[in-house]
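Everything below concerns the one structure shown next.
Computed from a predicted structure; not experimentally measured.
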Amino acid sequence: DLSRMMFLGGHEPQRKLAAAVTVILDKAIALWVLCGIGFAALWGYQPLSGAEGWVATLKIILAVPLLGVPLALVLLHVLPSVLTAVASRTGQLESLLSLKEPLSRLPASLYARIALLNLLAQALVNVNFLCCAFALGVFHVPVGIYLKVVPLGFIALALPFSIAGLGVGQLAFARLFELYGVTEPALGGNVSTLHIAVWGIFAL
């Protein structure tokens with residue numbers, strides 16, 4: 001994401017703030033879709049004994065971005081005075097205003113199509129994760145568990161604690177599979193590592 005901001009900002013030096021906001025908006029919509037998938041999965045999940053509090057807390061955590069992203073889109077249209085003041089001090093006010101105007105002209109149906117496109121993209125990532133598990137010979141874990149674990153694991157991967165989520169993803173997936181009744185502690189970490197390797201090779 002930082003690389004994309006620098007690349008876009010370098011090509012549009014007078015609109016660096018607008019370039020950064022477009023990258024943030026793209027990431028926000030993708031995370032919003034992931035949170036929606038995880039939130040829906042948790043409602044169909046019967047928590048293990050002792051995990052009820054964890055599930056309830058996670059539902060609240062996921063509900064915050066689900067409500068926050070639409071609110072942020074509204075704020076982009078309104079362009080509050082505080083944001084205007086900050087932008088004017090950095091000399092990027094005109095840049096931000098140039099971004100606001102096209103956004104205000106976009107129909108709501110376009111945002112819906114963007115969300116659907118992200119839903120397809122996240123579904124393909126989930127399928128890749130499942131294929132990595134099959135490649136490692138893991139066939140005994142029900143597909144329904146993947147539908148619940150994988151979105152939550154990828155939300156953890158998105159947290160900026162390490163480069164590309166290395167280490168964080170392995171720990172998160174190992175713990176999540178355990179919470180869903182998978183007893184092999186190395187399964188989540190191994191599949192997550194293979195997924196990152198395969199996804200990285202395709203990106204290269």
Side-chain angles (χ1 to χ4, degrees), residues 1 26-70 111-204:
D1 294 329
D26 170 61
K27 176 62 71 176
I29 294 176
L31 285 176
W32 182 62
V33 171
L34 263 180
C35 289
I37 296 173
F39 189 78
L42 284 175
W43 281 107
Y45 163 59
Q46 299 300 321
L48 300 175
S49 179
E52 294 86 355
W54 176 85
V55 173
T57 302
L58 195 53
K59 285 179 181 177
I60 296 173
I61 293 174
L62 293 178
V64 172
L66 282 175
L67 297 174
V69 170
Y111 286 110
R113 285 178 5 216
I114 292 171
L116 287 174
L117 184 60
N118 270 277
L119 183 61
L120 174 62
Q122 298 303 332
L124 291 175
V125 174
N126 290 2
V127 169
N128 181 74
F129 194 94
L130 184 63
C131 290
C132 288
F134 290 161
L136 290 175
V138 179
F139 299 103
H140 65 285
V141 178
V143 174
I145 290 182
Y146 288 99
L147 295 177
K148 299 165 186 174
V149 167
V150 175
L152 300 176
F154 282 128
I155 292 172
L157 274 172
L159 299 174
F161 293 143
S162 67
I163 297 175
L166 294 176
V168 176
Q170 282 78 358
L171 290 172
F173 279 110
R175 178 60 176 155
L176 285 166
F177 273 110
E178 181 184 343
L179 286 170
Y180 280 86
V182 178
T183 56
E184 299 92 333
L187 185 145
N190 289 341
V191 179
S192 173
T193 301
L194 181 58
H195 163 80
I196 292 174
V198 171
W199 209 249
I201 290 170
F202 273 112
L204 291 173

Here the gap from Leu147 atom CG to Leu152 atom CG, rounded to the nearest 0.5 Å, amounts to 11.0 Å

Residues two or more places apart in sequence or in another chain: which of them pass side-chain contact (heavy atoms from CB on, under 4.5 Å) with Asn128?
Cys132, His195, Val198, Trp199

Can you confirm whether Val141 sits close enough to Glu184 that some side-chain heavy atom of one is under 4.5 Å from a side-chain heavy atom of the other?
no

CZ of Phe139: more than 12 outside heavy atoms within 6.0 angstrom?
yes

Can you tell me how far the CG atom of Leu119 sits from the CG atom of Leu124, to the nearest 0.5 Å?
10.0 Å

Phe129 vs Phe177 aromatic rings, parallel, tilted or perpendicular, using cut-offs 30° and 60°?
parallel

If you measure from CG on Leu176 to CZ on Phe154, what distance do you get to the nearest 0.5 Å?
11.5 Å

For Gln170 and Ser192 the tightest heavy-atom approach is N-OG, 3.9 Å

Who are the side-chain contact (heavy atoms from CB on, under 4.5 Å) partners of Leu136, not counting sequence neighbours?
Val138, Asn190, Val191, Leu194

What closest approach, in Å, do Tyr146 and Pro151 show between heavy atoms, and which atom pair accounts for it?
O-CD, 3.8 Å

